[in-house]
Amino acid sequence: MEATEITVKAMEWLTNAANQIGDFAKEEIPPFINEFLTWRFIDTAIDAAWSVVYIVPILIFFFFYSKKAWAWGIKYGKESDGISLLVPSVATGIAFIGLVVAFPLDEIKTMVKIKAAPKVYLIEEAANIIQTIRKESK
């Protein structure tokens, strides 16, 4: 066999392999992307739902304990030097900080991004994966 025959056969083989890969990609990649986006949406929704585990006790604390603490502060606030207002203020502050920390804002933003701009989400995910690989390889 001559070098040109080998080159021609190699090019035919490469072209055939590329066509087969292209056919596979056309058939398999769109369902994979849809499944990936669906999974990320559901995964993010589960993470957001877990926030309820933290938010509900905080709300219960806020509505029951803070209400009682403020009532106590108002009742005894006239007789004391102002320390009675510190107790309900701290209780309310702790409840508010807990709500802000537990609120699933990032999860909600991710869910909206997946539904509103799935291509942007996929590009950002690919960029994050590439950055992670580059950091780990250094």
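Quantities reported herein were computed from a predicted structural model and do not represent experimental measurements.
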Output for pair (Met111 CE, Asp47 CG), nearest 0.5 Å, gives 10.0 Å

Between the OG1 atom in Thr44 and the OH atom in Tyr121, the distance rounded to the nearest 0.5 Å is 5.5 Å

Distance col, row Leu122:CG vs Ile33:CD1, nearest 0.5 angstrom, shows 5.5 Å

Output for pair (Ile42 CD1, Ile114 CD1), nearest 0.5 Å, gives 10.0 Å

Check your understanding: Any side-chain heavy atom of Pro104 sitting closer than 4.5 Å to one from Ile55?
Key -> yes

Output for pair (Gln131 CD, Ile129 CD1), nearest 0.5 Å, gives 11.0 Å

Would a single hydrophobic cluster contain both Leu37 and Ile123, if residues Ile, Leu, Val, Met, Phe, Trp and Tyr are joined by side-chain heavy-atom contacts under 4.5 Å?
no

Query raised in the report: Do side-chain atoms of Ser51 reach the backbone of Phe103 as a donor and acceptor pair under 3.5 angstrom?
Result: no

Between the CD atom in Glu124 and the NZ atom in Lys113, the distance rounded to the nearest 0.5 Å is 3.5 Å

